[in-house]
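First the proteins, then the strands, lettered A, B, ... as listed; each starts at 1.
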Protein chains: 2
Amino acid sequence: MKEQIGDMSVQDSPFARKLSAFVRLSKDDLLVISDLYRRRRDFDVGSDMIHQGQTNQSAYVLASGWASSYKILIDGTRQIVDFQIPGDFIGLRSVLFRTSDHNVEPITPVQASEVHQRDLLDAFTRTPRLATAVLWAASRDEAMVVEHLVDLGRRSASVRMAHFFLELGARLRLVGMANQTGFDCPLSQSLLADALGLSAVHVNRVLRELREAGMLTFQKGKVVYDNYEALTEFAGFDRNYLDHNGPLLP
Amino acid sequence: MKEQIGDMSVQDSPFARKLSAFVRLSKDDLLVISDLYRRRRDFDVGSDMIHQGQTNQSAYVLASGWASSYKILIDGTRQIVDFQIPGDFIGLRSVLFRTSDHNVEPITPVQASEVHQRDLLDAFTRTPRLATAVLWAASRDEAMVVEHLVDLGRRSASVRMAHFFLELGARLRLVGMANQTGFDCPLSQSLLADALGLSAVHVNRVLRELREAGMLTFQKGKVVYDNYEALTEFAGFDRNYLDHNGPLLP
DNA sequence: CTTAGGGGCTGATGTAGATCAGCTTGCCGT
DNA sequence: ACGGCAAGCTGATCTACATCAGCCCCTAAG
């Protein structure tokens with residue numbers, strides 16, 4: 001049971017797969033990971049996984065389902081910082097800082113492995129490569145946040161939207177949940193609004209715009225790339241911005 | 001010479017000081033750091049330290065001066081992601097990803113220690129605590145980027161500006177370059193504009209607004225908090241958002 | 001079957017901030 | 001001792017998006 005996650009072995013879990021992409025992990029490393037991985041938990045929509053201000057929080061690795069991490073402002077509005085999909089690490093900062101600076105909420109029912117602070121830090125000292133791997137993963141997340149920052153600062157609503165769906169598609173493809181033609185997407189228009197810094201009304205109009213321009217359709221929980229070429233062109237999307245050419249540590 | 005940086009010992013360098021704040025570092029750890037720290041380089045305004053797309057970049061630790069990291073868009077506009085002040089790590093992502101996803105440019109003449117990719121990764125395997133420390137520092141940077149994201153997504157220009165100067169002041173205070181009354185600030189209004197996602201014209205008006213409201217004055221390279229209380233209130237600034245209550249690893 | 005609530009959708013109106021245009025000041029090089 | 005040029009500053013106009021208001025449709029609960 002220790003090396004098995006549901007019916008797949010550790011090496012095949014999205015998380016280990018993602019880490020292996022940039023730091024080659026030994027059998028021992030994988031064992032340490034599988035140990036971290038033991039505790040499975042389920043969350044329903046509406047029950048926060050992590051929330052702002054709370055201390056001594058665990059982190060999680062998402063096994064299935066989608067989540068969103070966000071911040072609430074004094075005036076009640078919120079800004080979604082990112083969506084999490086299977087394989088993503090959740091709440092790393094709330095572990096490292098001891099008190100969480102953001103919320104994480106399931107968008108669909110979620111299965112996740114709980115990782116305790118102590119276990120994580122122990123694992124780092126025992127297997128330094130893992131620490132490097134997690135640093136890498138954290139940096140990749142930061143790169144995405146930076147890209148979102150640029151979106152909000154300097155791109156128009158429609159370009160922003162296009163960029164968002166291209167990035168999301170690229171991420172989902174890495175875990176086999178999307179292909180060139182599109183993907184299933186459980187996000188509502190108001191979630192999109194909170195992520196893109198727009199009003200829900202405007203999200204609706206922009207989606208129509210993209211649809212009528214024959215570039216992308218998002219309806220009934222499905223995203224379809226009607227013209228991938230035109231869309232990447234329109235968004236100025238760097239198509240290999242999530243590829244990082246091979247393992248860093250051999 | 002090895003344990004001395006200029007005229008101060010390693011433990012006193014802003015970088016080591018920052019890291020020590022959250023991971024207690026042994027004498028050995030400090031030695032490894034001082035070794036990383038050897039290579040000193042100077043940069044003038046106008047000569048990029050790091051630029052987008054370039055591979056096999058070094059990282060740097062800023063010893064003196066200010067820098068800005070930014071991205072350029074296809075249409076020529078740019079978005080500044082963050083400013084770096086002494087003690088800050090620069091270009092970590094460009095080392096971990098092997099090719100840089102952003103630019104870094106000095107704002108004032110800069111002195112920095114160059115850190116080679118190999119040395120950094122070696123240091124991680126030799127002293128796992130250092131890896132954890134750097135992970136922590138990277139996460140702290142991410143937290144700031146997230147805060148900027150919220151700024152751009154959901155805060156008005158004036159609140160954004162107020163928040164920016166409060167955060168900057170807090171960071172500068174950590175390295176002894178500011179106090180409660182204000183600090184020296186080499187940023188131009190158009191740099192502010194590129195950082196806050198505004199036009200230079202609007203930055204000017206917002207600065208006037210804050211000044212006339214008696215909250216903050218930024219003129220002739222000096223920031224003065226005219227009414228710190230009112231300002232934090234106005235910005236909804238969490239005054240301990242960069243404190244992370246003591247070392248993570250004892 | 002009826003209703004209540006959430007998501008999507010649309011038109012009308014309002015506004016924060018961009019853009020354009022120009023003017024002033026200080027600074028740097030010749 | 002003068003031109004050039006970046007930084008700051010200001011007024012007038014324009015526009016991308018928000019806000020407000022209301023409709024339809026679907027599902028879930030009574």
Side-chain angles (χ1 to χ4, degrees), chain A residues 44-46 66 68 73 75-80 105 107-109 151-164 184-213 216-224 234, chain B residues 44-46 66 68 73 75-80 105-109 151-164 184-213 216-223 234:
Chain A
D44 280 334
V45 182
W66 293 46
S68 72
L73 307 198
D75 64 0
T77 59
R78 69 173 187 167
Q79 175 67 44
I80 293 181
E105 180 181 271
I107 290 172
T108 68
D151 276 349
L152 293 179
R154 292 296 180 203
R155 294 203 250 251
S156 70
S158 45
V159 171
R160 212 182 294 175
M161 180 77 73
H163 200 273
F164 172 81
D184 289 345
C185 177
L187 306 176
S188 68
Q189 295 188 352
S190 59
L191 282 171
L192 282 178
D194 284 343
L196 300 177
L198 300 171
S199 67
V201 174
H202 202 60
V203 164
N204 184 292
R205 296 197 228 266
V206 169
L207 284 173
R208 171 151 52 108
E209 207 180 288
L210 292 178
R211 185 169 0 107
E212 289 176 351
L216 173 135
T217 306
F218 174 35
Q219 263 167 349
K220 286 299 294 168
K222 294 211 182 299
V223 172
V224 178
F234 175 68
Chain B
D44 280 335
V45 181
W66 292 46
S68 72
L73 307 198
D75 63 0
T77 60
R78 69 174 187 166
Q79 175 67 44
I80 292 180
E105 179 180 274
I107 290 172
T108 68
D151 276 350
L152 293 180
R154 293 294 180 203
R155 293 203 250 252
S156 70
S158 45
V159 172
R160 211 182 294 176
M161 181 76 74
H163 200 274
F164 172 81
D184 289 345
C185 177
L187 305 177
S188 69
Q189 294 188 354
S190 60
L191 281 171
L192 282 179
D194 283 344
L196 300 177
L198 299 170
S199 66
V201 175
H202 202 59
V203 164
N204 185 292
R205 297 197 229 266
V206 170
L207 284 173
R208 171 152 49 111
E209 207 180 288
L210 291 178
R211 186 170 358 110
E212 289 176 351
L216 174 137
T217 306
F218 173 36
Q219 264 168 349
K220 285 298 293 165
K222 295 210 181 299
V223 172
F234 175 68

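Minimum heavy-atom separation, B:Leu207 to B:Met161: CD2-SD, 4.0 Å. Residue B:Arg155 comes nearest to B:Arg160 through the heavy atom pair O-NH2, 3.0 Å, listed as atom of the first residue, atom of the second, then distance. Listed here is the closest heavy atom pair of B:Asp44 and B:Pro109: OD1-CB, 4.4 Å. Here the shortest heavy-atom pairing between B:Arg154 and A:Leu198 reads NH2-O, 3.3 Å.
The CG atom of A:Leu198 sits 18 Å away from the P atom of C:dA16 (whole-angstrom rounding). As rounded to whole Å, 16 Å separates atom C1' of D:dA6 from atom CD1 of B:Ile107. Between the CG atom of A:Asp194 and the P atom of C:dG7 there is a distance of 11 Å, rounded to whole Å. Here the C1' atom of nucleotide D:dC26 and the CD atom of A:Gln219 are 15 Å apart, to the nearest Å. Whole-Å rounding puts the A:Leu191 CG to C:dG8 P distance at 9 Å. Distance A:Leu207 CG to C:dG8 C1': 10 Å, rounded to the nearest Å. Rounding to whole angstrom units, CG of residue A:Leu187 and P of C:dG6 are separated by 19 Å. We find that CD of A:Glu209 is positioned 10 Å from P of D:dA16, with the value rounded to whole Å.
Between C:dG17, D:dA21, D:dG11, one nucleotide has an atom nearer to the side chain of A:Val201 than all others, and that is D:dA21. When distances are taken from the side chain of B:Gln189 to each of D:dG8, D:dC17, D:dT10, the shortest belongs to D:dG8. Counting only heavy atoms from C-beta on, B:Ser199 has its side chain closest to C:dT19 among C:dC9, D:dA7, C:dT19. Distance from the side chain of B:Arg160 is smallest for C:dG17 among the nucleotides C:dG17, C:dG7, D:dT10. The side chain of A:Arg205 lies closest to D:dT19, out of D:dT19, C:dG17, C:dT19.
Of the two residues near DNA chain C, B:Ala200 and B:Lys220, the one whose nearest nucleotide lies more 5' is B:Ala200. Nearest-nucleotide mapping onto DNA chain C: of A:Arg154 and A:Arg211, the residue sitting toward the 5' end is A:Arg211.
Side-chain nitrogen and oxygen atoms of B:Asn204 include none within less than 4.0 Å of the OP1 or OP2 phosphate oxygen of D:dG8.
Not a single donor-acceptor pair under 3.5 Å links the side chain of A:Ser190 to the backbone N or O of A:Ala193.
A:Gly197 comes within contact range of the sugar-phosphate backbone alone, with a heavy-atom separation under 4.0 Å but no base atom that close.
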